[in-house]
Novice: 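Quick one: the structure is below, and I'll ask about it shortly.
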Number of protein chains: 2
Amino acid sequence: MRILLIEDDPALGEAVRDHLAGLAHAVDWQTRLAEAEVALRAVPYDLVLLDLGLPDGDGLAFLKRLRARGDATPVLVLTARDRVSERIAGLEAGADDYLVKPFDLGELAARVAAVARRYAGDPNPLLEIGPLLIDRARRIVIRDGVPVPLSAREWALLEALALRPGAIVAKERLEELLYPMGEEIASNAIEVAVSRLRKKLSAHIIETVRGLGYRLARR
Amino acid sequence: MRILLIEDDPALGEAVRDHLAGLAHAVDWQTRLAEAEVALRAVPYDLVLLDLGLPDGDGLAFLKRLRARGDATPVLVLTARDRVSERIAGLEAGADDYLVKPFDLGELAARVAAVARRYAGDPNPLLEIGPLLIDRARRIVIRDGVPVPLSAREWALLEALALRPGAIVAKERLEELLYPMGEEIASNAIEVAVSRLRKKLSAHIIETVRGLGYRLARR
DNA sequence: CGCCGGCTGACACGGAGCTGACGGCGGTGG
DNA sequence: CCACCGCCGTCAGCTCCGTGTCAGCCGGCG
């Protein structure tokens with residue numbers, strides 16, 4: 001990803017730049033808002049890392065200007081400020097995420113990756129399967145217009161089946177997906193989970209393929 | 001503009017009210033701080049004209065309280081005092097501007113117009129969620145028409161959830177948002193905060209997503 | 001008719017979440 | 001300087017939800 005880092009602290013800036021560069025990101029580093037603004041207009045960055053409290057201006061105002069002119073580039077705010085309202089103000093001003101200093105470089109990388117993932121594909125893939133509307137981001141499934149609350153296990157199961165609608169998913173495969181190794185299950189937990197899920201969704205949505213596994217009806 | 005005038009001198013109050021009303025402003029006139037405070041919580045004023053030295057309390061303290069609870073409504077202070085330090089104190093307490101009595105009504109109108117201009121392009125976004133009306137600028141939440149006073153923590157929590165209504169906010173994320181990092185909390189403070197907030201708002205507004213976090217119902 | 005794979009109601013347990021009570025702390029008023 | 005009050009973190013005890021287990025059932029097939 002092409003990343004614009006706006007940070008006036010030399011040590012921190014260098015550390016961040018080097019760390020992200022090591023992760024195969026292209027990092028441009030600016031220390032002043034004015035220059036950052038110019039760069040931002042010239043280059044289509046995938047992500048902006050914005051330090052609040054730069055000496056030459058108000059970072060929040062900068063962010064608001066950015067959004068006001070319709071720039072939707074993801075912005076990750078770095079801030080040393082610890083006042084509650086200011087952190088939230090950052091998000092309100094249009095930041096996508098934030099990190100409170102001092103932060104772990106690993107955590108920074110994780111957030112960067114998360115932003116990258118979020119903006120990689122379609123922003124919010126809604127799956128439509130028969131009478132179901134599956135919103136993976138909000139973790140919500142809607143049946144015939146009515147939101148259906150699902151428990152963690154039920155959601156995991158539905159997601160596993162919805163990965164490839166119409167494809168048969170073996171029961172052991174489901175076990176692997178729902179029970180991350182270690183704690184194996186000694187009974188028909190999967191069948192019970194399917195039963196419970198069927199009760200919440202329309203029963204015919206989940207098809208049983210005897211001896212093989214389960215399948216999500218595609219229509 | 002909707003203006004709250006807080007002034008105990010009948011002659012002056014009437015003159016100011018009539019003059020501003022003649023300029024197509026909607027003026028509410030209160031003579032006591034206590035009543036003004038009530039009005040301020042109930043109505044989204046665009047401007048407050050505050051006379052210092054009212055008989056029933058300290059105007060500066062009133063202003064400080066206003067700001068302390070995050071209310072950002074512009075305040076124009078009217079004062080007979082002409083000592084520089086006191087004017088500074090007014091600005092420090094959070095006043096946007098001041099006028100020293102006696103003042104010219106034309107000058108008052110000019111200052112009011114200036115405030116109007118400054119805040120023109122920024123309409124106050126009211127967030128409506130079920131029976132709630134959330135006014136972020138004034139840090140006020142109104143339930144069924146009745147203003148509900150929230151403490152700092154409660155407000156921060158509500159704000160964090162209201163950032164993206166309907167989205168799940170993880171409990172750890174709430175911790176990050178509400179507590180200056182480093183000092184982690186060693187208990188169920190978040191749950192307690194949610195509980196307290198629920199007691200003030202309608203309980204069903206805040207939804208629990210087991211194992212994940214909380215979410216603000218969108219309807 | 002017996003077996004097998006799958007279904008589901010009932011149950012029990014663990015743990016997540018809720019809340020009343022308490023106390024410390026800071027601010028306010030006398 | 002003291003008394004009071006509101007805020008809020010902590011704790012303890014409780015409730016309730018989610019989920020694995022099990023048993024009994026059904027239907028299909030040889």
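Here is how names work: the chains are called A, B, and so on, in the same order as the sequence lines, proteins then strands, and each is numbered from 1. Only heavy atoms go into these numbers, but all of them, side chains included; no hydrogens, no water, no symmetry mates.
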Novice: Between C1' on D:dG18 and CG on A:Leu157, what's the gap in Å once rounded to a whole number?
Specialist: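 About 14 Å, once rounded to whole Å.
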Novice: Report each atom pair, protein N/O against N/O of nucleotides 25-30 of chain C, whose distance is under 3.5 angstrom.
Specialist:
none

Novice: Only one of B:Val48, B:Leu49, B:Leu52 passes side-chain contact (heavy atoms from CB on, under 4.5 Å) with B:Ile6; say which it is.
Specialist: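 It is B:Val48, the one option of B:Val48, B:Leu49, B:Leu52 that forms the side-chain contact (heavy atoms from CB on, under 4.5 Å) with B:Ile6.
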Novice: Rounded to the nearest Å, what distance is computed from the CG atom of residue B:Leu178 to the P atom of nucleotide D:dC7?
Specialist: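 Going from B:Leu178 (CG) to D:dC7 (P), I get 16 Å.
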Novice: Just compare C:dT8, C:dG20, C:dA10 and give me whichever is closest to any side-chain atom of A:Glu191.
Specialist: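 In terms of side-chain proximity for A:Glu191, the closest of C:dT8, C:dG20, C:dA10 is C:dT8.
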Novice: Got a list of protein N/O to nucleotides 24-30 of chain D N/O distances below 3.5 Å?
Specialist:
none

Novice: A:Val141 and side-chain contact (heavy atoms from CB on, under 4.5 Å): which partner among A:Leu158, A:Asp135, A:Leu127?
Specialist: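 Of the listed residues A:Leu158, A:Asp135, A:Leu127, the side-chain contact (heavy atoms from CB on, under 4.5 Å) partner of A:Val141 is A:Leu158.
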Novice: Could you check how far NZ of A:Lys199 sits from C1' of D:dT19, rounded to whole Å?
Specialist: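 The answer, rounded to whole Å, is 13 Å.
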Novice: Look at the side chain of B:Thr208 and decide which nucleotide, out of C:dG17, D:dG20, D:dT10, has an atom nearest to it.
Specialist: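 Nearest to the side-chain atoms of B:Thr208, counting from C-beta on, is C:dG17.
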Novice: Looking at B:Ser151, does any N or O in its side chain come under 4.0 Å of the phosphate oxygens OP1/OP2 on D:dG6?
Specialist: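 Result: no.
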Novice: Is it the case that over 12 heavy atoms from other parts of the model lie below 6.0 angstrom from the CD atom of B:Glu128?
Specialist: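 Atom CD in B:Glu128 is not crowded, with 12 or fewer foreign heavy atoms closer than 6.0 Å.
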Novice: Would you sort out whether A:Arg111 and A:Asp97 count as a salt bridge (charged side-chain N to carboxylate O under 4.0 Å, His left out), showing the intermediate values?
Specialist: CA-CA 8 Å; A:Arg111 306 260 176 145; A:Asp97 205 346; 3.1 Å; yes
Novice: May I ask you to evaluate whether B:Ser195 reaches the phosphate of C:dG17, defined as a side-chain N or O under 4.0 Å from OP1 or OP2?
Specialist: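 No, outside the criterion.
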Novice: Calculate the interatomic distance between B:Arg196 atom CZ and C:dG20 atom P; express it in whole Å.
Specialist: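 Computing the B:Arg196:CZ to C:dG20:P distance gives 10 Å.
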Novice: Let me know which of B:Lys171, B:Glu191, B:Arg198, B:Arg215 forms a side chain to side chain donor-acceptor pair (under 3.5 Å) with B:Thr208.
Specialist: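 Running side chain to side chain donor-acceptor pair (under 3.5 Å) over B:Lys171, B:Glu191, B:Arg198, B:Arg215 with B:Thr208 returns exactly one hit, B:Arg198.
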Novice: Rounded at 0.5 Å granularity, tell me how far CD1 in B:Ile140 sits from CG in B:Leu150.
Specialist: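 If I round to the nearest 0.5 Å, the distance is 9.5 Å.
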Novice: How long is the line joining CD of A:Glu175 and C1' of C:dG6, in whole Å?
Specialist: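 Interatomic distance, CD of A:Glu175 to C1' of C:dG6: 15 Å.
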Novice: Within the pair A:Tyr214 and C:dG5, is there a side-chain N or O less than 4.0 Å away from OP1 or OP2?
Specialist: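 For A:Tyr214, the contact criterion (side-chain N or O under 4.0 Å from OP1 or OP2 of C:dG5) is not met.
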Novice: Can you tell me how far the CG atom of A:Leu12 sits from the CG atom of A:Leu78, to the nearest 0.5 Å?
Specialist: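 Reported value, rounded in 0.5 Å steps: 7.0 Å.
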Novice: Could you measure the distance from the CZ atom of A:Arg138 to the CD1 atom of B:Ile168? Nearest 0.5 Å is fine.
Specialist: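 The CD1 atom of B:Ile168 is 9.5 Å from CZ of A:Arg138, to the nearest 0.5 Å.
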Novice: Walk me through it: do B:Arg17 and B:Asp28 pass the test salt bridge (charged side-chain N to carboxylate O under 4.0 Å, His left out)?
Specialist: CA-CA 8 Å; B:Arg17 185 193 57 189; B:Asp28 289 351; over 6 Å; no
Novice: Could you check whether A:Val194 gets within reach of a base, just the sugar-phosphate, or nothing at all, counting any heavy atom under 4.0 Å?
Specialist: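 Contact class for A:Val194: none.
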Novice: Any residue in residues 159-172 of chain A with a heavy atom nearer than 4.0 angstrom to DNA chain D? Just list them by number, or reply none.
Specialist: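 Nucleic-acid contacts, sorted: none.
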Novice: Please pick, from D:dT19, D:dC11, C:dG6, the nucleotide with the shortest atom-to-atom distance to any side-chain atom of A:Ala152.
Specialist: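 Shortest atom-to-atom distance from the side chain points to D:dT19.
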Novice: Categorize B:Arg198 for me: base, sugar-phosphate, or nothing, with a 4.0 angstrom heavy-atom threshold over every strand shown.
Specialist: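 Contact class for B:Arg198: sugar-phosphate only.
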Novice: Can you tell me how far apart CG (B:Leu5) and CD (B:Glu14) are? Round to the nearest 0.5 Å.
Specialist: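 Those atoms lie 11.0 Å apart.
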Novice: Does the pair A:Glu154 and A:Arg196 meet the rule for a salt bridge (charged side-chain N to carboxylate O under 4.0 Å, His left out), with working shown?
Specialist: CA-CA 8 Å; A:Glu154 288 157 358; A:Arg196 284 173 179 150; over 6 Å; no
Novice: Would a distance-only check, ignoring hydrogens and angles, find a side-chain to backbone donor-acceptor pair under 3.5 Å from B:Lys200 to B:Pro149?
Specialist: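 At least one qualifying donor-acceptor pair exists.
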Novice: Roughly, in whole Å, what's the span from CD in A:Glu154 to P in D:dC17?
Specialist: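 Atom-to-atom, A:Glu154 to D:dC17, this comes out as 13 Å.
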Novice: How close or far is atom P of C:dT8 from atom CG of A:Leu197, stated in whole angstroms?
Specialist: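 Between P of C:dT8 and CG of A:Leu197: 12 Å.
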Novice: Rounded off to whole Å, could you give me the CH2-to-P distance for the A:Trp155 and D:dG18 pair?
Specialist: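 Interatomic distance, CH2 of A:Trp155 to P of D:dG18: 15 Å.
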